[in-house]
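Please read the structure below before turning to the comments.
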2 protein chains.
Amino acid sequence: MNREPEPDLDSVDLHILTELQQDGRMTNVELARRVNLSAPPCLRRVRRLEETGIIRGYHADVDPVALGWEITFFALVGLESQKQAILEAFEVLATTWPEVRECHMIRGGGDFLLRLVARDTAHENELTSRLTNAPSVLRVQTLQTIRTAKDAAGVPIG
Amino acid sequence: MNREPEPDLDSVDLHILTELQQDGRMTNVELARRVNLSAPPCLRRVRRLEETGIIRGYHADVDPVALGWEITFFALVGLESQKQAILEAFEVLATTWPEVRECHMIRGGGDFLLRLVARDTAHENELTSRLTNAPSVLRVQTLQTIRTAKDAAGVPIG
DNA sequence: CCCCTGGCGCAATATCATTGCAGGACCCCA
DNA sequence: TGGGGTCCTGCAATGATATTGCGCCAGGGG
């Protein structure tokens, strides 16, 4: 997990990242075949990518609806102050709720963009009002997703 | 990939989902150990979760900054019409750009929320103006992430 | 021209994935 | 109450994979 220098990735590394970003559970043998390498050096490259923090982990992509999370929505939250303590207090609040899946501080001051899931409309309303009534919260704009046209894993490579 | 009935997940299935959501590359033997099952039934359960579409896939989580994507930002795009053809044209545009990683249509009409990555500020500006100048685009509000307090994979389970 | 470094492939071995099979729990219905 | 399904488990065998050790080759300096 170092954080400094030139990662110095060659085209084979980028190819590996592309493949694992697409299918993180591919066997090493299959991966090696796709990047035209034998298994051992391929595995060594993967390990190096993991150790340097370029690959941060692997995650199963679970269907929210199948687990009863019918609604995914975003919330743009404005706070009444940009004081450090207030920002941090809100972050603690947000990261504590399990329904909050992402919490991004937005440049420009005092705003956060959240991604949340809810079991149904009532639950969504409840979450929204819990947000609205949270300390220091000035306004909450909810953005409910009705269709996701693209949800690409990770980043473009190459 | 069925789409209908009761998934009928028991606590072991939920435990499996929790573990794989956390570490999608865990070996089946390790997973079985964690959920207190022997390897074969554990693997059968995982396969069933994959086949029913509850597990949609596995992805390596690649560090954007390590690959030169210094900036992650969101864009809230308003279109001048909610006509089907215009919405679809915008979706095609958005999903075509590699820098657009997510594209969500927002309830309320004519708005999209995008997540994008950019190599640097100049690149971000270029993307923003390309969005602003795209056909039917009325307004673009960019929300630049300066800190991500939480970025949880998937959904809460349990 | 030789040495050092780095990365590769081969081959051996430890682990893991996958399949076939037998047994137990549960349920329905006679 | 008891036979026959159904479903799911664990054990054991077998084929694949992951992992390690090692020798080889290419490139960059002295």
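By convention in this document, chain letters (A, B, ...) are assigned in the order of the sequence lines, proteins followed by strands, and residues within each chain are numbered from 1. Computed from a prediction, not measured in an experiment: that's the story for all the values here.
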Problem set entry | Side-chain N or O of B/R47 closer than 4.0 Å to phosphate OP1/OP2 of C/dT18 | yes
Problem set entry | Separation of atom CG in B/L43 from atom P in D/dT17, rounded to whole Å | 14 Å
Problem set entry | Gap separating the CD1 atom of B/I86 from the CG atom of B/L79, nearest 0.5 angstrom | 7.5 Å
Seminar exercise, completed: In whole angstroms, the gap separating P of D/dT17 from CG of B/N28 amounts to 15 Å
Problem set entry | Residue that, paired with A/E99, satisfies side-chain contact (heavy atoms from CB on, under 4.5 Å) out of A/E124, A/R130, A/R119 | A/R130
Seminar exercise, completed: Rounded to whole Å, CD of B/E51 lies from C1' of C/dT18 at a distance of 14 Å
Exercise. Picking from D/dT17, C/dT18, C/dA17, which would you name as closest to the side chain of A/V29?
Worked result: D/dT17
Exercise. Does the separation of the ring centres of B/Y58 and A/Y58 fall below 6.0 angstrom?
Worked result: no
For this session: Would you kindly give the CG-to-C1' distance between A/D10 and C/dG7, to the nearest whole Å?
Result: 10 Å
For this session: For A/P41 and for A/R25, locate the closest nucleotide of DNA chain C by heavy-atom distance; then report the residue assigned to the nucleotide nearer the 5' terminus.
Result: A/P41
For this session: Indicate, with a heavy-atom threshold strictly under 4.0 Å, whether A/T27 touches base, sugar-phosphate, or nothing.
Result: sugar-phosphate
Exercise. Expressed in angstrom and rounded to an integer, what is the separation of A/R44 atom CZ from D/dC22 atom P?
Worked result: 13 Å
Seminar exercise, completed: Assert: residue with more 5' nearest nucleotide on DNA chain D, out of A/M26 and B/A39, is B/A39
Exercise. To the nearest Å, how far apart are A/L37 CG and C/dG6 C1'?
Worked result: 14 Å
For this session: Find the distance A/R33:CZ to D/dA16:C1' and express it as a whole number of Å.
Result: 15 Å
Problem set entry | Closest contact, heavy atoms only, A/R25 versus B/T27 | NH2-C, 4.2 Å
Are any protein N/O atoms closer than 3.5 Å to N/O atoms in nucleotides 24-29 of chain D? If there are, list each pair with its distance.
none

Exercise. How long is the line joining CG of A/L31 and C1' of D/dA16, in whole Å?
Worked result: 16 Å
Exercise. Any side-chain heavy-atom pair from B/L114 and B/F90 closer than 4.5 angstrom?
Worked result: yes
Problem set entry | Residues in salt bridge (charged side-chain N to carboxylate O under 4.0 Å, His left out) contact with B/R44, at least two apart in sequence or another chain | none
For this session: Answer yes or no: does a side-chain N or O of B/R45 lie under 4.0 Å from OP1 or OP2 of D/dT9?
Result: yes
Problem set entry | Point-to-point distance, once rounded to the nearest 0.5 Å, from NZ of B/K150 to CD of A/E102 | 10.5 Å
